[in-house]
Participant: 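Structure in structure tokens, see below.
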Amino acid sequence: MKRHMRENYYVVGEGILTTDGKSGVCERPSTEASLRKFRFSRLLPKGGTLDPAVLEKVATAMTVAPPDPAVQPESADPPVPAGFTYLGQFVDHDLTLDNTARALGEHVTVNELLQGRSPALDLDSMYGRGPGDRDDDRFYAPDKLKLRVGITAAIGTGGTNVNLNGYDLPRVTQGSTKAERQRALIPDLRNDENLIVAQTHLAFIRFHNRVVDQLADQGVPSAILFERARETVVRHYQWMLRTDFLPRIVDREIVEDVFTTGRRFFEVPGDGRTNGHQRYAKAGDTPTMPIEFSVAAYRLGHSMVRAAYDWNRIFSGTRGSLRLLFTFSGTSGNFDPANPDVNDQESGLFERLPTNWAVDWRRMYDFAAEAGRADLTAPAGVNIAQRIDTLLVNPLAGMPKGTFGGNGTSPPEIQLNLAFRNLVRANMVELASGQQAAEFLGVAPLTAEQIIGGTDAGAVLTTLSDDERDAFAARTPLWFYILREAELNGGRLTGVGGRITAEVFHRAMEGSRISIVRDPSWHPSLGPDADTFRMVDLLLFAFEGRAELLAPLGDTDPAAPPAGPAAPPAPPAA
């Protein structure tokens with residue numbers, strides 16, 4: 001599913017729900033149309049709607065610039081490195097990729113349509129339909145074993161006047177417009193909507209390519225080498241999500257309960273029938289995606305985004321602003337920092353990432369604390385994600401049009417506000433309220449005082465009238481409700497949000513053709529031991545454990561003259 005101004009959700013049993021930010025329309029699809037849509041489902045009953053004017057007030061409150069940046073606390077305890085914000089976005093695109101939106105040639109069979117669109121954690125956003133597909137083989141190197149990588153563009157001096165191979169996504173390079181030429185050559189263009197998710201996608205490409213090399217060195221025949229590499233990559237990816245990513249954003253007790261005792265609400269094992277809102281999954285059934293997860297629970301990452309990042313040696317401190325991280329991407333930007341209009345994709349000289357924007361992974365993940373690699377400590381430490389709560393950083397009040405396919409359009413200013421888009425989208429598909437979700441899941445509901453008041457560092461809803469507050473506290477939009485739960489829980493999903501998220505991840509792993517849930521005996525082989533494989537381990541393997549690859553620009557300008565001898569000590573004071 002692409003994020004455009006107009007979005008479609010094919011909900012099993014309901015039809016196609018179409019939203020355009022103004023109204024919701026339900027269409028009864030033909031058989032062909034239903035096959036060609038990513039399959040969503042409802043976990044919860046339908047909810048009511050709130051006045052868009054109320055949602056506009058709430059969205060504005062959620063994205064207001066705080067008078068003191070220190071008011072919004074960083075992350076939870078222990079802190080979450082900022083790289084996990086964008087790993088979460090990468091995972092979202094893996095879960096909601098609609099393969100049929102890319103190529104619907106006559107050679108795509110009905111069987112392929114069904115199998116190619118399950119919300120499984122199988123990295124189809126990176127692999128597409130594989131090197132044997134006549135459309136998707138363009139994502140692969142000539143050997144059809146490795147994935148393509150791109151090359152940065154040399155710029156300036158001081159160690160950046162070189163082209164770095166493997167530090168940009170592969171790009172189309174052909175076309176009549178700059179936007180066409182700079183488009184990333186990957187299955188899901190959403191993974192090039194900001195620089196950090198683009199570099200995350202690239203890290204996974206490098207991880208796959210290194211696994212191919214390792215298996216080839218071990219003598220795996222070339223005829224089965226790609227499939228063996230993909231299986232290795234996907235299993236390690238799932239293990240990392242289960243043991244490293246999820247416990248950072250969801251209450252550990254909920255994660256352990258779901259992965260130890262199984263799901264209690266979402267597509268629980270059964271005979272395949274539907275009883276009310278309860279869907280029972282037979283063994284081998286293709287999973288669906290609960291619309292409550294996609295439209296509400298898993299939009300938690302929007303709250304984790306920082307306004308600026310200590311990005312690399314060149315763009316240190318707060319110089320890696322969110323606007324620039326959108327600018328230096330092919331989907332949302334134009335690689336042109338001189339043009340303040342990020343929506344003008346035809347401006348600028350660069351059509352690929354300039355070398356001075358190459359990633360420094362030491363600033364996004366904590367290799368020293370987690371992997372014992374003190375040599376991989378960034379000069380100013382690790383960027384920490386914002387706490388999961390009801391306050392988003394102010395730059396998200398005015399998103400680039402390219403993030404939702406809106407280039408060339410002129411939407412009202414409020415429609416560029418990410419919080420407003422989330423709230424209106426839920427309104428239009430009649431998503432259940434937080435209170436309905438709590439009742440269905442058997443979770444103690446938040447009180448009206450908790451919903452309206454939150455904590456000192458959350459969204460302040462004082463612009464709502466008394467009547468509006470009463471309505472909002474009684475029928476709270478699910479996304480806001482889940483963020484308020486996390487805010488009151490120190491920055492981790494709990495209750496409604498924790499249960500939905502953990503169960504969907506479990507089902508998405510179970511439903512993958514390659515699955516650690518269905519093969520509990522499997523253990524990782526590419527980490528420090530047979531029980532450990534974290535995101536830092538994935539990056540260490542992908543970049544050969546070398547500081548000069550994880551941070552190609554280093555800490556000092558190689559062209560700068562060496563420092564002179566230290567000054568003699570000052571004479572003692574009289």
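Hydrogens, waters and symmetry mates are skipped; everything else that's a heavy atom, side chains included, is used. The first residue in the sequence is number 1, and the count goes up from there. From a predicted model like this one, the values you see are computed outputs, not experimental measurements.
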Participant: Do the side chains of P119 and R507 get nearer than 4.5 Å, heavy atoms only?
Facilitator: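 A side-chain contact is absent here, since even the closest heavy-atom pair is not under 4.5 Å.
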Participant: Checking the side chain of E503 only, and the main-chain atoms of F266 only, is there a donor and an acceptor separated by less than 3.5 Å?
Facilitator: yes
Participant: Going through the distances and angles, do F293 and T501 end up as a side-chain contact (heavy atoms from CB on, under 4.5 Å)?
Facilitator: CA-CA 7 Å; F293 175 86; T501 301; 4.1 Å; yes
Participant: Please tell me whether D188 and H93 have a donor and an acceptor in their side chains that are separated by less than 3.5 angstrom.
Facilitator: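 Looking only at side-chain atoms, H93 and D188 do not form any donor-acceptor pair under 3.5 Å.
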Participant: For the backbone of F326 and the side chain of S332, can you confirm whether one donor and one acceptor N or O come within less than 3.5 Å of each other?
Facilitator: no
Participant: Are the side chains of R190 and S125 in touch, meaning some heavy atoms are under 4.5 Å apart?
Facilitator: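 No, every pair of side-chain atoms sits at 4.5 Å or beyond.
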Participant: If we ignore hydrogens and angles and just use 3.5 Å, is the side chain of D389 paired with the main-chain N or O of L483 as donor and acceptor?
Facilitator: no
Participant: Provide the closest heavy-atom pair for G48 versus N427 in the form atom of the first, atom of the second, distance.
Facilitator: O-OD1, 4.2 Å
Participant: Any sub-3.5 Å donor-acceptor pair from W479's side-chain atoms to A426's backbone N or O?
Facilitator: no
Participant: Assess whether side-chain contact (heavy atoms from CB on, under 4.5 Å) is satisfied between V58 and T390, documenting all intermediate values.
Facilitator: CA-CA 10 Å; V58 173; T390 54; over 6 Å; no
Participant: Can you measure from CG (D51) to CD (E56) and round to the nearest 0.5 angstrom?
Facilitator: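 Spacing of CG (D51) from CD (E56) equals 10.0 Å.
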Participant: If we ignore hydrogens and angles and just use 3.5 Å, is the side chain of R421 paired with the main-chain N or O of L416 as donor and acceptor?
Facilitator: no
Participant: Under 3.5 Å, side chain of D251 to main-chain N/O of I254, donor-acceptor pair present?
Facilitator: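 Not at all, since once roles are kept as given, no pair shorter than 3.5 Å links the two residues.
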Participant: Quick one: does any side-chain atom of E510 pair with a main-chain N or O of V517 as donor and acceptor, under 3.5 Å?
Facilitator: no
Participant: Test your reading of the model: is there a side-chain donor-acceptor pair from E485 to the backbone of G497, 3.5 Å cut-off?
Facilitator: yes
Participant: If we only count heavy atoms from C-beta on, is the V91 to F505 side-chain gap below 4.5 Å?
Facilitator: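 With C-beta onward as the side chain, the pair touches.
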Participant: Could you state the interatomic distance from CG (L353) to CZ (R171), rounded to the nearest 0.5 Å?
Facilitator: 7.0 Å
Participant: List the atom of A419, the atom of T63, and the distance in Å for their closest heavy-atom pair.
Facilitator: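 Closest approach of A419 to T63, heavy atoms only: CB-CG2, 4.1 Å.
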Participant: Just by modelled atom types, is the T447 backbone N or O under 3.5 Å from a matching donor or acceptor in the Q450 side chain?
Facilitator: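 The answer is yes, because a donor-acceptor pair under 3.5 Å joins these two groups.
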Participant: Please tell me if the side chains of L446 and V496 come closer than 4.5 Å, counting only heavy atoms from C-beta onward.
Facilitator: no
Participant: Has R499 got its NZ or CZ under 6.0 Å from the middle of the six-membered ring of F265, at an angle within 45 degrees of the ring axis?
Facilitator: no
Participant: In terms of the angle between their ring planes, are W311 and W357 parallel, tilted or perpendicular, with boundaries placed at 30° and 60°?
Facilitator: tilted
Participant: If you compare all heavy atoms of A457 against all heavy atoms of R387, which two are closest, and at what distance to 0.1 Å?
Facilitator: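 What the structure gives for the nearest pair is CB-NH2, 3.6 Å.
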Participant: What is the ring orientation for Y237 with F204, classed by angle as parallel under 30°, tilted 30 to 60°, or perpendicular over 60°?
Facilitator: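 Geometry flag for F204 against Y237: perpendicular rings.
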Participant: Between CG of D336 and CD of E346, what distance do you get to the nearest 0.5 Å?
Facilitator: 11.5 Å
Participant: Decide yes or no for P477 and L55: does some side-chain heavy atom of the first lie under 4.5 Å from some side-chain heavy atom of the second?
Facilitator: yes
Participant: Quick check: closest heavy atoms across S512 and A120, and the distance to 0.1 Å?
Facilitator: CA-CB, 3.7 Å
Participant: M535 versus F245: any side-chain heavy-atom pair under 4.5 Å?
Facilitator: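 No, side chains not in contact.
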Participant: Under the side-chain contact (heavy atoms from CB on, under 4.5 Å) rule, what do N312 and V359 come out as? Steps first, then yes or no, please.
Facilitator: CA-CA 6 Å; N312 61 20; V359 67; over 6 Å; no
Participant: Report yes if some heavy atom in the side chain of P187 is under 4.5 Å from a heavy atom in the side chain of D124; otherwise report no.
Facilitator: no
Participant: With salt bridge (charged side-chain N to carboxylate O under 4.0 Å, His left out) as the rule and sequence neighbours excluded, what pairs involving residues 462-479 come up?
Facilitator: K57-E468
Participant: Return the CZ to CG distance between R492 and N489, rounded to the nearest 0.5 Å.
Facilitator: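 Atom-to-atom, R492:CZ and N489:CG are 8.5 Å apart.
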Participant: Between T476 and R484, is there a side-chain donor-acceptor contact under 3.5 Å, judged purely by atom types and distance?
Facilitator: no
Participant: Any sub-3.5 Å donor-acceptor pair from Y481's side-chain atoms to S433's backbone N or O?
Facilitator: no
Participant: Any idea which heavy atoms bring F420 and I414 closest together, and the distance?
Facilitator: CD2-O, 3.4 Å
Participant: Using the ring of each side chain (for Trp, its six-membered ring), is Y86 parallel, tilted or perpendicular to Y309, with breaks at 30° and 60°?
Facilitator: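 Ring orientation, 0 to 90° scale: perpendicular.
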Participant: With a 4.5 Å heavy-atom cut-off, do V504 and L43 have their side chains touching?
Facilitator: no
Participant: How many angstroms lie between atom CG of D192 and atom CZ of R183, to the nearest 0.5 angstrom?
Facilitator: 10.5 Å
Participant: Drop me the distance from L324's CG to N194's CG, to the nearest 0.5 angstrom.
Facilitator: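 Answer rounded to 0.5 Å: 12.5 Å.
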Participant: Verify the distance criterion only: is there a donor paired with an acceptor across the side chains of Q386 and S303 at less than 3.5 Å?
Facilitator: no
Participant: Is there a side-chain contact (heavy atoms from CB on, under 4.5 Å) between D285 and E267 once you walk through the steps?
Facilitator: CA-CA 10 Å; D285 274 0; E267 294 189 344; over 6 Å; no
Participant: Evaluate E430 against K46 for salt bridge (Lys or Arg N to Asp or Glu O under 4.0 Å), listing each step before the verdict.
Facilitator: CA-CA 6 Å; E430 298 179 283; K46 281 187 178 182; 3.6 Å; yes
Participant: Looking at L391 and A61, what are the two nearest heavy atoms and their distance?
Facilitator: CD1-O, 3.6 Å
